Structures are given as C-alpha cells and as structure tokens.
Amino acid sequence: MNQPRVQPLNPPYAPAIQAAFDHVMPPGMPPLKLFRSMARNPRVLQRMFAGGLLDPGSIELRERELLILRATALCGAEYEWGVHVVGFAGKAGFSSEQIADTSSERIDPALWGEAEQALLELADSLHASATVDDALWQRLGVHFSDEQLIECLLLVGFYHAVSFVVNGLQVEREEYAPRFPAR
C-alpha cells in the first residue's frame with residue numbers, strides 16, 4: 001500500500017471539526033482516517049457529512065449496505081468497503097459468503113433474492129455505463145418505489161465519489177477493517 005497522500009488530522013481538533021466528528025461517529029469511537037483526512041478541508045467535510053445518506057431513508061439498511069458494498073468494491077475502494085463490512089454488514093444480516101460475493105467479479109445469484117439481485121445489477125450498470133437500461137429499471141420498479149429508486153441512484157453515485165476520495169488520497173486502511181477476499 002502506498003503512503004497516504006494527505007495525512008489525517010490528529011487531535012486535538014478545532015471545535016467545529018470535533019463537533020462534526022461527534023455528530024457522525026458512535027460515542028467512544030475515534031473518527032475514521034477518511035474523515036480525519038477530509039478535515040484538511042472543513043467545508044468539504046461538512047458537505048460530505050450533509051450528503052452522507054447513512055440516516056434512515058426510504059430503503060432498508062440491508063439494501064443500502066448492499067449498494068454501498070458493491071459500489072465500493074467495483075471501484076476498488078477496499079478502505080470504504082472494509083469500514084462498511086465492520087460497521088454495518090452484521091446489522092444488515094449478510095452472511096460471510098454474501099459479503100465476499102459483493103467484491104466478486106460476477107455475483108452469484110444463488111446468494112441473493114430477486115430484489116437484491118436487481119440492486120446489485122443497478123450498481124454494476126451504473127459503474128459500467130453510468131445509466132440503467134429500461135429492462136433493469138422495470139425489474140427494479142417491481143420491488144422499489146420511485147422515491148426509493150432515486151435514493152438508490154444517488155447512493156451508488158455518492159459512494160463512487162467516496163471511493164474516488166479514498167483511492168485518490170490513498171487513505172490508509174483502518175486496522176480493524178477487513179480486506180477484500182482473495183479472488
């Protein structure tokens with residue numbers, strides 16, 4: 001792994017930055033290296049937190065995390081993928097096989113229900129072509145409302161942007177976060 005291009009801030013943090021960290025991090029958990037790196041530009045950090053989509057939205061936690069895991073894996077953003085595996089995969093009820101499958105070249109349809117397969121295809125399609133064909137959109141519409149699909153599109157796009165940041169800054173992996181499974 002290359003050295004981080006931007007060194008994460010170390011405590012003590014400016015009051016506004018500490019307040020931002022306190023808002024997004026669970027009590028007692030230190031801020032992620034990504035957040036500490038982004039804090040080098042407090043305005044961008046605040047905007048990132050404002051658009052994070054980790055709050056309860058129109059889709060279920062499992063659906064949200066499935067899209068995040070697949071989007072970050074497709075972008076090769078091992079840092080972000082690993083943080084989400086640690087933070088949310090258990091709460092979302094993913095098996096170890098399903099977690100590994102989110103980072104595979106080709107998804108194993110036997111591991112996923114119809115709605116989940118459609119979400120995985122959505123992430124794949126947006127990654128490959130930045131669009132969704134009509135057939136996939138119709139399949140998604142069987143399981144998700146327009147409101148939910150708008151959230152899904154933005155979620156995949158947002159985590160592409162996060163992937164660009166962690167990859168571009170070469171954010172050092174959190175010690176407790178898993179790596180991609182061997183492919």
Side-chain angles (χ1 to χ4, degrees), residues 24 32 34-35 38 44-171 177-183:
V24 298
L32 296 172
L34 168 62
F35 299 159
M38 296 287 295
V44 172
L45 178 71
Q46 291 291 341
R47 298 300 187 273
M48 180 180 154
F49 286 166
L53 298 173
L54 288 180
D55 60 327
S58 63
I59 62 174
E60 298 293 323
L61 169 73
R62 183 177 172 92
E63 296 159 345
R64 180 191 80 203
E65 289 304 313
L66 182 59
L67 287 169
I68 292 170
L69 291 175
R70 187 63 177 164
T72 57
L74 288 169
C75 289
E78 185 175 60
Y79 172 92
E80 193 67 16
W81 182 88
V83 166
H84 276 266
V85 167
V86 168
F88 300 102
K91 295 175 193 168
F94 294 126
S95 69
S96 59
E97 293 83 10
Q98 288 174 321
I99 292 168
D101 199 46
T102 64
S103 70
S104 67
E105 188 175 323
R106 292 195 176 270
I107 294 297
D108 179 355
L111 295 173
W112 308 102
E114 283 183 34
E116 292 171 331
Q117 287 179 46
L119 288 175
L120 289 162
E121 287 180 44
L122 174 65
D124 287 4
S125 178
L126 290 171
H127 182 76
S129 66
T131 192
V132 182
D133 68 35
D134 290 338
L136 176 55
W137 189 259
Q138 287 180 319
R139 285 188 29 241
L140 287 159
V142 170
H143 305 285
F144 303 99
S145 69
D146 289 346
E147 174 189 12
Q148 292 172 313
L149 289 173
I150 291 168
E151 185 170 342
C152 291
L153 292 168
L154 190 58
L155 194 62
V156 172
F158 182 80
Y159 278 90
H160 267 77
V162 171
S163 295
F164 298 162
V165 172
V166 300
N167 289 344
L169 295 179
Q170 297 178 350
V171 176
R179 302 193 79 105
F180 287 138
R183 294 180 177 172

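Treat the numbers as computed from the prediction; the structure is a model and nothing was measured.
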* Using side-chain contact (heavy atoms from CB on, under 4.5 Å) as the criterion, list what pairs up with Glu60, not counting sequence neighbours. => Glu63
* Would you say the side-chain atoms of Glu80 pair up with the backbone N or O of Ser163, donor to acceptor, closer than 3.5 Å? -> no
* Decide side-chain contact (heavy atoms from CB on, under 4.5 Å) for Ile68 and Val162; before the verdict, give the C-alpha distance in whole Å, the side-chain angles of both, and the deciding distance to 0.1 Å. => CA-CA 10 Å; Ile68 292 170; Val162 171; over 6 Å; no
* Asked: Which pair of non-hydrogen atoms, one from Ile59 and one from Cys152, has the smallest distance, and what is that distance?
  -> CG2-SG, 4.0 Å
* To do: State, with a plain yes or no, whether a side-chain heavy atom of Ile107 is found less than 4.5 Å away from one of Arg70.
  => yes
* Structure fact -> Between Ser103 and Ala73 the two heavy atoms that sit nearest each other are CA-CB, 3.6 Å
* To do: Please list, chain by chain and in numerical order, all residues satisfying side-chain contact (heavy atoms from CB on, under 4.5 Å) with Ser96, sequence neighbours excluded.
  => none
* Is a donor on one side and an acceptor on the other found under 3.5 Å between the side chain of Ser129 and the backbone of Leu126? -> no
* Would you mind reporting whether Leu153 and Leu122 have side-chain heavy atoms less than 4.5 Å apart? => yes
* Structure fact -> Residue pairs passing the ring-ring contact (aromatic ring centres under 6.0 Å, His included) test with at least one member in residues 123-152, sequence neighbours excluded, are His127-His160
* **Identified side chain to side chain contact (heavy atoms under 4.5 Å, CB included) partner of Leu74 from the options Thr102, Leu69, Asp124** => Asp124
* Asked: With sequence neighbours left out, what residues match Phe158 under ring-ring contact (aromatic ring centres under 6.0 Å, His included)?
  -> none
* **Validation row: Ser125, Asp133 side chains within 4.5 angstrom (heavy atoms)** => no
* So, does Asp101 use its side chain to make a donor-acceptor pair with the main chain of Leu111 at under 3.5 Å? -> no
* With a 4.5 Å heavy-atom cut-off, do Val83 and Leu34 have their side chains touching? -> no
* Point-to-point distance, once rounded to the nearest 0.5 Å, from OG1 of Thr72 to CD of Glu65 -> 9.0 Å
* Under the side-chain contact (heavy atoms from CB on, under 4.5 Å) test, residues paired with Arg62 that sit two or more places apart -> Ala92, Phe94, Gln98, Trp112, Glu116
* Asked: Does anything in residues 55-86 pair up under ring-ring contact (aromatic ring centres under 6.0 Å, His included), and if so which pairs, sequence neighbours excluded?
  -> Trp81-Phe180, His84-Phe88, His84-Tyr159
* To do: Over all heavy atoms of both residues, which pair between Ile99 and Ala89 is shortest? Give the atoms and the distance, please.
  => CD1-CB, 3.7 Å
